[in-house]
Amino acid sequence: MNEVQSNLYEMLIELDDICRKNDIIYYLAGGTALGAVRNQGFLPWDDDIDLYITRENWLKLEKVLENTNLESRSIVTMNNTDYYCNPIPRYVNCNTTLIYRSQMLCGKAAGQHIEMLIMDPMPIDEKEKDNFKRHLLVYTELITPYFVVNRGVINPDSYFDYKLYNHYYKMSKKIGLKATLKKLENILFQYSEEDCEVFCMRWGLRILMYDKRMFGTPRLQLFEDREFYVAEHAEEIFRIAYGDTWMYIPEANEQVTHNSFMDLTTPFEVYVNDYMQRLDRPSIFKAYKKNKRRLMKTLIKREQYVKSRLELKRLFLEDELNILWDENTEKIKTAVKNRDWKAIDLFYNSIDSFLFSPSSKKYYEIIRVDEERIYPYFLSLLLKGLYSKVIALSTRYQLNGIEFKDSKMLKLIELARRFRNVSQCIYDYDDIQGAGEELAEISDEFKNNILYKRNLYTIKLEQAKDSSDQLNQLKAELEKEIESTNDGELFKLLGDCHYYCGETEQANEAYAAAHNNTRNGMMLLDIYKKTGNKEFMMVE
């Protein structure tokens, strides 16, 4: 742990002690939970801690904290702190300074903190659920004057209702913001945990919804040198929050940190008291609200402009792809026939960069060409093991009102879903038998796929680990595969074969090769558990 993480860890222990003493249920959330499951501690780049807590448990915790002598700590909420325009409560370390631009006017929230992500029960009826989402987005937008919360307003699945927002905005001008928010809270927070099936996180950047059963009975998970609670089915939550590749450690440019001013040795009051005397808070706050109103009035037009620019790029790429196809039809078809994804990628690199750019993902952008011409790209994704991209793109096409009809394309999407099922069986449910049953449904033409082989040998290893004869046979198969693929996950499975045979030196050699050739965090964690060498969990 670095100093930032050490301070946060101390605060987490405090909250854990308070919750256990008062029978309050919480769960590690976000990157904190992911770190516990994938790293047994902080993600190396992580600089915050989040907790999930149901509204019922939060109200209990809030009452306990208000009646507890918190030396050098404070609890910050919208109800007890002026200018704190955030529905997420914070447990704050007053001996440190951590200032985000959007919280400068508040002052009291300007220390290192742990955030409590409140999970609210949603209605069961689908129409009521849609109404809940629409009102939640209005609620969160009205709360903050500092920035626009809901930016995907022109997406086909957006629940942001500008007319509804305007209605409540005008109401806030007549009866006041607090009274207006209270009316929205009466609509949103009327449902009981006992009668709900889904929880929704009370924040509008994304409507994160999780089945109540995913939280289930909290399970203890080692985080650094102590066990804390995570959701019973935390892995299912990771798939929703981080996607199907949650078990992989992201590249450096995908590792999320926060932009803030930090001083871990100085109480935030030193800074706050200094700059507050130079500010006219009411005037600045009024200016923020005025600017927010201007931004909201132009929101849809601005987003449409951004999307129009994106569509121009899409049109260019579609023309480019059609020209490439007409000039290289036989080459592309030959690459498809030979399952040569590297050759396919030569023609589709720009398409891939466009479709998975942040803007395209935000606006659910697609490439509108004949299915025959986009099929090779989908095929190359699956050949590379990127089944989650295939599923995500097929969903995007559906959101844009396009249903695939070609049998080859439909088969490809079904195979991608089958590979996801296998991954869920292995990583989410520890169900090797179920994984084997799913894998058996993969057609022969995809059995040379690296993803198929990784899953196949994972299943074989589980079945062979108590038999030296089977392990030796599996070692031979893996060594042959590795000659042509140099795949890190297969190296890890080979290391396991040596490990179960008691061949420590050979196991460590294979594990070192695995470490250098994979970012699968769950596999690297397992290597650490088997060897005790923490270096195996560290990647660039």
Salt bridge (Lys or Arg N to Asp or Glu O under 4.0 Å) contacts touching residues 424-434 (sequence neighbours left out)
Arg239-Asp428

If you define the side chain from C-beta out and look only at heavy atoms, does anything of Met122 sit under 4.5 Å from Lys133?
yes

Do we see a donor-acceptor contact under 3.5 Å between the side chains of Asn449 and Arg339?
no

Distance only, no hydrogens: is a donor on one side chain within 3.5 Å (strictly under) of an acceptor on the other, for Thr518 and Tyr248?
no

Is the shortest side-chain heavy-atom distance between Lys212 and Pro121 below 4.5 Å?
no

Within the 4.5 Å heavy-atom criterion, are Phe446 and Leu451 side-chain neighbours or not?
no

Please state whether the rings of Tyr288 and Tyr146 are parallel, tilted or perpendicular, taking 30° and 60° as the class boundaries.
perpendicular

Given the rule in the side-chain contact (heavy atoms from CB on, under 4.5 Å) test, do Cys200 and Leu208 qualify, once you have shown the distances and angles that lead to the verdict?
CA-CA 6 Å; Cys200 178; Leu208 288 173; over 6 Å; no

Test side chain to side chain donor-acceptor pair (under 3.5 Å) on Tyr52 and Tyr210 and set out the steps.
CA-CA 11 Å; Tyr52 287 132; Tyr210 305 117; 3.2 Å; yes

Salt-bridge criterion met for Asp130 and Lys127 (N-O under 4.0 Å)
no

Would Asp125 and Lys129 pass as an ion pair if we require N to O under 4.0 Å?
no

Return yes if a side-chain donor-acceptor contact under 3.5 Å exists between Asn155 and Tyr363, otherwise no.
no

Sequence neighbours left out, what pairs pass salt bridge (Lys or Arg N to Asp or Glu O under 4.0 Å) with at least one residue falling in residues 391-406?
none

Can you name the residues that form a salt bridge (Lys or Arg N to Asp or Glu O under 4.0 Å) with Asp326, not counting sequence neighbours?
Arg373

Taking all non-hydrogen atoms of both residues, which atom of Gly488 and which atom of Ala514 are closest, and how far apart?
O-CB, 3.3 Å

Trace of the side-chain contact (heavy atoms from CB on, under 4.5 Å) decision for Met522 with Val37
CA-CA 8 Å; Met522 297 305 291; Val37 171; 4.1 Å; yes

Sequence neighbours left out, what pairs pass salt bridge (Lys or Arg N to Asp or Glu O under 4.0 Å) with at least one residue falling in residues 29-40?
none

Would Tyr364 and Tyr397 count as having a side-chain donor-acceptor pair, cut-off 3.5 Å?
no

Residue set satisfying side chain to side chain contact (heavy atoms under 4.5 Å, CB included) with Ile450, at least two apart, ordered chain then number -> Arg454, Thr485, Asp487, Leu490

Is there a side-chain contact between Ile249 and Leu524 in this structure, where contact means two heavy atoms from C-beta onward sitting under 4.5 Å apart?
yes

Report the residues that fulfil side chain to side chain contact (heavy atoms under 4.5 Å, CB included) with Ser350, sequence neighbours left out, ordered by chain and then residue number.
Leu317, Glu320

Derivation of the side-chain contact (heavy atoms from CB on, under 4.5 Å) call for Gln424 and Tyr429
CA-CA 6 Å; Gln424 287 176 316; Tyr429 311 128; 3.9 Å; yes

Please name the pair of heavy atoms, one in Leu381 and one in Leu393, separated by the smallest distance, quoted to 0.1 Å.
CD1-CD1, 3.9 Å

Does the Lys NZ or Arg CZ of Arg293 fall within the cation-pi geometry relative to Tyr169 - under 6.0 Å from the ring centre and within 45° of the axis?
yes

Ile426 CD1 to Ile459 CD1 distance, which is reported to the nearest 0.5 Å
5.0 Å

Search all heavy atoms of Pro145 against all heavy atoms of Lys289 and return the closest pair with its distance.
CB-CG, 3.5 Å

Specify whether Tyr165 and Phe160 have parallel, tilted or perpendicular ring planes, treating 30° as the upper limit for parallel and 60° as the lower limit for perpendicular.
tilted

Heavy atoms, side chains only, cut-off 4.5 Å: are His135 and Tyr168 in contact?
yes

Residues Lys475 and Asn472: side-chain donor-acceptor under 3.5 angstrom:
yes

Between CD on residue Glu414 and OG on residue Ser407, distance to nearest 0.5 Å
13.5 Å

Glu371 bridged to Lys408 by N-O distance under 4.0 Å
no

Under a 4.5 Å cut-off applied to non-hydrogen side-chain atoms, are Tyr377 and Phe347 in contact?
no

Are Tyr100 and Phe261, when compared by the centres of their aromatic rings, separated by less than 6.0 Å?
no

For Lys411, enumerate each residue passing the salt bridge (Lys or Arg N to Asp or Glu O under 4.0 Å) test, keeping only those at least two apart in sequence or located in another chain.
Glu445

Can you give me the closest heavy-atom contact between Thr245 and Ser388, atom names plus distance?
CG2-OG, 4.0 Å

Salt bridge check, Lys453 against Glu477: does any charged N sit closer than 4.0 Å to a carboxylate O?
no

Distance-only check: which donor-acceptor pairs under 3.5 Å involve side-chain atoms of residues 435-442, not counting sequence neighbours?
residue, atom, partner, partner atom, Å
Glu437, OE2, Gln433, NE2, 3.3
Glu438, OE1, Arg418, NH1, 2.9

With sequence neighbours excluded, tell me which residues meet side chain to side chain contact (heavy atoms under 4.5 Å, CB included) with Leu295.
Val148, Asn291, Arg302

Assess the residue pair Glu303 and Lys307 against the criterion (salt bridge (Lys or Arg N to Asp or Glu O under 4.0 Å)); give the C-alpha distance rounded to whole Å, side-chain angles, the decisive distance to 0.1 Å, and a yes or no.
CA-CA 6 Å; Glu303 293 301 306; Lys307 192 172 190 301; over 6 Å; no

Quick check with a 6.0 Å cut-off and a 45 degree axis cone: is Lys530 positioned over the face of Tyr511's six-membered ring?
no

Can you find a pair of side-chain heavy atoms, one from Phe354 and one from Glu365, that are under 4.5 Å apart?
yes

Donor-acceptor pair between Glu503 and His498 side chains, under 3.5 angstrom
yes

Excluding sequence neighbours, so at least two apart, what forms salt bridge (Lys or Arg N to Asp or Glu O under 4.0 Å) with Lys384?
Asp345

Sorted by chain and residue number, the side-chain hydrogen bond (donor to acceptor under 3.5 Å, both in side chains) partners of Gln463 (sequence neighbours excluded) come out as none

Minimum heavy-atom distance Pro376-Ile344, with the two atoms named
O-CG2, 3.4 Å

Using a strict threshold of under 4.0 Å (side-chain N to carboxylate O), is an ion pair present between Glu235 and Arg219?
yes

I'd like to check the salt bridge (Lys or Arg N to Asp or Glu O under 4.0 Å) partners of Lys529; sequence neighbours left out, ordered by chain and number.
none

Apply side-chain contact (heavy atoms from CB on, under 4.5 Å) to Leu494 and Glu481, showing your working.
CA-CA 10 Å; Leu494 176 61; Glu481 291 289 352; over 6 Å; no

Non-hydrogen atoms of Leu379 and Leu412 that approach each other most closely:
N-CD2, 3.4 Å

Between Tyr427 and Asn520, is any side-chain donor less than 3.5 angstrom from a side-chain acceptor?
yes

Would you check if Pro87 and Ile118 make a side-chain contact, meaning some heavy-atom pair closer than 4.5 Å?
no

Mind checking the CH2-CD spacing from Trp246 to Glu236? Nearest 0.5 Å is all I need.
11.0 Å

